[in-house]
Amino acid sequence: MDEPAVVRIFDTTLRDGEQSPGATLNIDEKLDIARNLAKLGVDVIEAGFPIASPGDFEAVRRIAVEVGQGEDAPIIAGLARANKADIDRAWDAVRPAQRPRIHTFLATSDIHLQYKLKISREECLARVGEMVAYARSLCPDIEFSPEDGGRSDPEFLYQVLEVAIKAGATTLNIPDTVGYTTPGEFGGLIAGILKHVPGAAGVIISAHCHDDLGLATANTLAAIQAGARQVEVTVNGIGERAGNTSLEEIVMTLHTRPTVYGLRTRVDTTQIARISRLVSAYTGIPVQPNKAIVGANAVAHEAGIHQDGVLKNPLTYEIMRPETIGLADNRLVLGKHSGRHAFQQKLVALGYDLAGPDLNRVFERFKDLCDKKKIVADPDIEAIVSDEIYQPVEWWRLLHVQVSNGTGMRPTAAVSLRGPDGVMRMDAAIGTGPVDAIYKAINRIVQAPNVLTEFSIKAVTEGIDAVGEVTIRVEPSDDEYPNSNGFAALNPQTEVHLRRRTYSGHGADTDIIVAAAKAYMSALNKMLSAKKEGANGSHPS
Ligand code: KIV
Ligand code: ZN
């Protein structure tokens with residue numbers, strides 16, 4: 001029997017995904033995610049929007065240099081609006097990759113042409129022809145996207161796409177930018193393109209859906225059934241507003257229902273759970289418990305009747321085996337007497353490949369935890385790994401924190417930190433509560449003005465000795481781009497709308513006050529790294 005045809009996975013976690021509010025990633029985090037996307041087996045990594053800021057450019061370039069090499073390396077794409085400055089910048093960033101791609105876009109819906117771009121349909125057609133040809137003169141692999149394609153007049157869209165093909169586009173990506181279409185409509189649009197656009201059969205048709213109506217996965221699957229052979233997705237479905245189509249939902253649908261689709265991806269499904277946790281830890285965006293495929297409850301069976309059935313035969317209630325997405329076998333329970341070898345085996349089963357100093361640090365934390373907790377469960381280990389490994393560069397390091405509070409007392413905190421110059425500094429402050437007191441004391445030392453916009457705390461396992469995980473977000477209050485209503489001023493040089501960034505931080509500890517202090521340090525370090533890298537939040541349109 002013939003191998004099923006391939007649907008290419010174009011991952012845009014680092015570009016559209018990073019546009020999620022608060023998902024700011026620094027260069028090292030982007031590189032780590034890109035390396036793991038390559039390991040997952042995606043075909044294309046959209047590494048960023050190079051013109052947006054020097055930090056965005058550098059991240060794309062380093063991904064091209066460090067992840068885009070070798071026969072099996074993924075294609076590295078950079079986004080560009082349909083103008084020469086953007087295209088040049090994207091090309092400079094992706095060109096070191098073995099297989100670079102420029103992804104250029106221009107809106108085609110009347111509403112965008114009239115109100116946003118203020119150009120006629122004729123001008124749009126001319127610009128697409130000129131800019132796709134220009135991009136093609138630089139790079140052999142060109143993707144063109146008609147932004148807001150889902151709300152564009154299909155007849156005009158066909159004309160635009162024909163121009164793009166003639167100018168040299170090799171992939172045509174159809175975005176449902178505002179998540180407005182339904183599966184019937186979106187599948188119909190893709191079928192219409194394949195039928196009516198001359199040359200469409202000779203290029204790859206791609207689908208890019210947003211989840212505003214909760215239809216992104218359904219629309220993408222409809223596009224696949226209509227002939228799309230590339231899909232644009234993000235890990236955990238993160239992205240602008242309600243997010244993008246989630247990678248894991250598409251991959252696992254094609255994997256689980258071969259008789260319906262008869263298509264495959266090149267993704268190694270056993271990497272899915274791990275990359276989901278990695279992206280969640282770095283972006284500070286938690287995965288909702290009931291999220292399909294990767295939510296904590298997705299493979300849990302609470303109801304007695306279900307548990308009974310699953311014990312008799314997993315097929316009664318499970319359509320996917322947890323191991324297929326890389327969820328570890330929970331039978332290996334660790335505790336006080338577990339040695340380094342058993343611990344390392346557990347890490348491998350959880351999908352972590354740690355060695356050297358990273359492994360030593362995590363093992364030390366595990367041993368510490370064993371003194372406080374009888375049984376160390378998988379979520380405890382994941383929390384330790386997140387806390388030790390998925391952290392930004394430590395400009396400032398928390399050395400000690402001490403709090404006194406209680407009834408009739410004013411909460412007071414003393415902290416000591418080591419600064420970027422290696423010098424230890426101490427300070428103390430009084431607050432409205434213990435966490436407020438700690439944060440005020442830290443602020444007195446670090447002097448990085450910010451506003452705390454979110455604070456959440458959760459126990460990673462049950463019981464009084466559970467590890468507490470704190471996730472927070474801070475917003476710099478001395479931002480050069482001052483509006484705080486989501487979008488900020490237009491950068492006059494690049495004409496990119498900048499967005500005020502928020503920075504997430506996470507910390508884990510059996511003492512929740514210490515976890516809160518660690519989370520704050522992690523967010524501040526991230527904010528300081530971003531300032532150093534010159535990254536500004538950006539929105540490409
Ligand atoms: O949603 C969208 O239209 C996009 C394009 C830039 C492809 O993200
Ligand atoms: Zn998008």
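These values consider heavy atoms only, across backbone and side chains, with no hydrogens, waters or symmetry-generated copies. The structure presented is a predicted model; accordingly, all values stated were derived computationally and were not measured.
For the pair T13 (side chain) and G17 (backbone), a donor-acceptor distance under 3.5 Å is absent. T269 contributes a side-chain N or O that, together with a main-chain N or O of T324, makes up a donor-acceptor pair within less than 3.5 Å. For the pair Q69 (side chain) and A64 (backbone), a donor-acceptor distance under 3.5 Å is present. Although no hydrogens or angles enter the test, the distance criterion places no donor-acceptor pair under 3.5 Å between the side chain of T12 and the main chain of E46. Looking at D387, its side chain does come within 3.5 Å of a backbone N or O of A508 through a donor-acceptor pair. A donor-acceptor distance shorter than 3.5 angstrom exists from the side chain of S522 to the backbone of H506, with no hydrogens or angles considered. Counting only distance, with no hydrogens or angles, the side chain of T270 and the backbone of I325 share no donor-acceptor pair below 3.5 Å. Using modelled atom types, one side-chain atom of E123 and one backbone atom of S120 make a donor-acceptor pair closer than 3.5 Å. No donor-acceptor distance shorter than 3.5 angstrom exists from the side chain of S206 to the backbone of N173, with no hydrogens or angles considered. Judged purely by atom type and a 3.5 angstrom limit, R229 uses its side chain to pair as donor or acceptor with the backbone of I224.
Across all their heavy atoms, I45 and A34 have their closest contact at CD1-O, 3.5 Å. When all heavy atoms of S20 and I285 are compared, the closest pair comes out as CB-CD1, 3.7 Å. The two residues L215 and D211 make their nearest non-hydrogen contact at N-OD1, 3.1 Å. Nearest heavy-atom pair across Y180 and L213 is O-CD1, 3.7 Å. The shortest heavy-atom contact between V163 and L125 is CG1-O, 3.7 Å. Here the closest heavy-atom approach between residue P175 and residue S145 is recorded as CG-CB, 3.9 Å.
Scored by the side-chain contact (heavy atoms from CB on, under 4.5 Å) test, E249 finds T217, S246, K291, A292, I293 as partners (sequence neighbours excluded). E66 is linked by a side-chain contact (heavy atoms from CB on, under 4.5 Å) to L31, R35, R62, counting only residues two or more places apart in sequence or in another chain. Partners of E394 under the salt bridge (Lys or Arg N to Asp or Glu O under 4.0 Å) rule, at least two apart in sequence or in another chain, are R397. Q288 is linked by a side-chain hydrogen bond (donor to acceptor under 3.5 Å, both in side chains) to N290, counting only residues two or more places apart in sequence or in another chain. Residues passing the salt bridge (Lys or Arg N to Asp or Glu O under 4.0 Å) test with D212 are R241, sequence neighbours excluded. Qualifying salt bridge (Lys or Arg N to Asp or Glu O under 4.0 Å) partners for K458, counting only residues two or more places apart in sequence or in other chains: E469. Taking the salt bridge (Lys or Arg N to Asp or Glu O under 4.0 Å) definition, one finds that R101 meets it with D141, E143, sequence neighbours left out. For V197, the side-chain contact (heavy atoms from CB on, under 4.5 Å) partners two or more places apart in sequence, or in a different chain, are Y158, L161, E162, I165, I193, A200. Taking A222 as the reference, P183 meet the side-chain contact (heavy atoms from CB on, under 4.5 Å) condition, with sequence neighbours excluded.
Side-chain N/O atoms of T234 and N244 include no donor and acceptor closer than 3.5 Å. Side chain to side chain, T220 and T245 meet the donor-acceptor criterion of an N or O pair below 3.5 Å.
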Note to self: One pair to check against salt bridge (Lys or Arg N to Asp or Glu O under 4.0 Å): R15 and D56. What are the steps and the verdict?
What the structure shows: CA-CA 9 Å; R15 202 276 298 167; D56 282 80; over 6 Å; no

Open item on the list: Could you go through D16 and H208, starting from their C-alpha distance and side-chain angles, then the distance that decides it, and tell me whether this counts as side chain to side chain contact (heavy atoms under 4.5 Å, CB included)?
Closed with: CA-CA 10 Å; D16 230 351; H208 176 114; 2.9 Å; yes

- Task: List the steps, then state whether side chain to side chain donor-acceptor pair (under 3.5 Å) holds for S276 with N236.
- Result: CA-CA 6 Å; S276 161; N236 299 337; 2.8 Å; yes

| request: Begin from the C-alpha positions of V6 and L263 and carry the test side chain to side chain contact (heavy atoms under 4.5 Å, CB included) through to its verdict. | output: CA-CA 6 Å; V6 167; L263 294 163; over 6 Å; no

- prompt: When you look at Y503 and N525, which way does the side chain to side chain donor-acceptor pair (under 3.5 Å) test go after all the steps?
  reply: CA-CA 9 Å; Y503 299 90; N525 280 324; over 6 Å; no

List the steps and the verdict of side chain to side chain contact (heavy atoms under 4.5 Å, CB included) for I33 and N36. CA-CA 5 Å; I33 292 177; N36 281 285; 5.8 Å; no

Verify side chain to side chain contact (heavy atoms under 4.5 Å, CB included) between W395 and L524, making sure each step is shown before the conclusion.
CA-CA 9 Å; W395 298 100; L524 289 185; over 6 Å; no

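Counting heavy atoms from C-beta on, the side chains of V160 and L106 never come closer than 4.5 Å. Under the 4.5 Å side-chain criterion, counting only non-hydrogen atoms from C-beta, D153 is in contact with R121. Residues Q225 and V260 have side chains in contact (heavy-atom distance under 4.5 Å, counting atoms from C-beta outward). H255 has its side chain out of reach of T265: every pair of non-hydrogen atoms, C-beta onward, lies at least 4.5 Å apart.
The line from CG of N26 to CD of E29 is 3.5 Å long, rounded to the nearest 0.5 Å. Interatomic distance, L25 CG to S504 OG, rounded to the nearest 0.5 Å: 8.0 Å. If you take CG on L79 and CZ on R89, they are separated by 14.0 Å, rounding to the nearest 0.5 Å. Residue I204 holds its CD1 atom at 13.0 Å from CZ of F10, rounded to the nearest 0.5 Å. Going from atom OG1 of T181 over to atom CD1 of I190 covers 9.0 Å, rounded to the nearest 0.5 Å. Rounding to the nearest 0.5 angstrom, the gap separating the CE atom in M131 from the CD1 atom in I102 is 11.5 Å.
Few gaps surround CZ on F156; more than 12 heavy atoms of other groups in view lie less than 6.0 Å from it. Other residues, nucleotides and ligands contribute at most 12 non-hydrogen atoms within 6.0 Å of the NZ atom of K166. The neighbour count for I111 CD1, taken as heavy atoms of other residues, nucleotides or ligands under 6.0 Å away, does not exceed 12. For D353, the CG atom is loosely surrounded, since the number of other residues' heavy atoms within 6.0 Å does not exceed 12.
Among residue pairs with one or both ends in residues 259-285, those qualifying as ring-ring contact (aromatic ring centres under 6.0 Å, His included) are Y282-Y390; sequence neighbours excluded. Pairs of residues two or more places apart, or lying in two chains, that qualify as salt bridge (charged side-chain N to carboxylate O under 4.0 Å, His left out) and include a residue from residues 270-287 are R277-E382.
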Under 3.5 Å, side-chain donor or acceptor atoms of residues 90-100 against the rest of the protein: list the pairs with distances, not counting sequence neighbours.
| unit_1 | atom_1 | unit_2 | atom_2 | d |
| --- | --- | --- | --- | --- |
| Q98 | OE1 | G70 | N | 3.0 |
| R99 | NH2 | A73 | O | 2.7 |

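The residues R61 and E58 are annotated as salt-bridged, a charged nitrogen and a carboxylate oxygen being separated by less than 4.0 angstrom.
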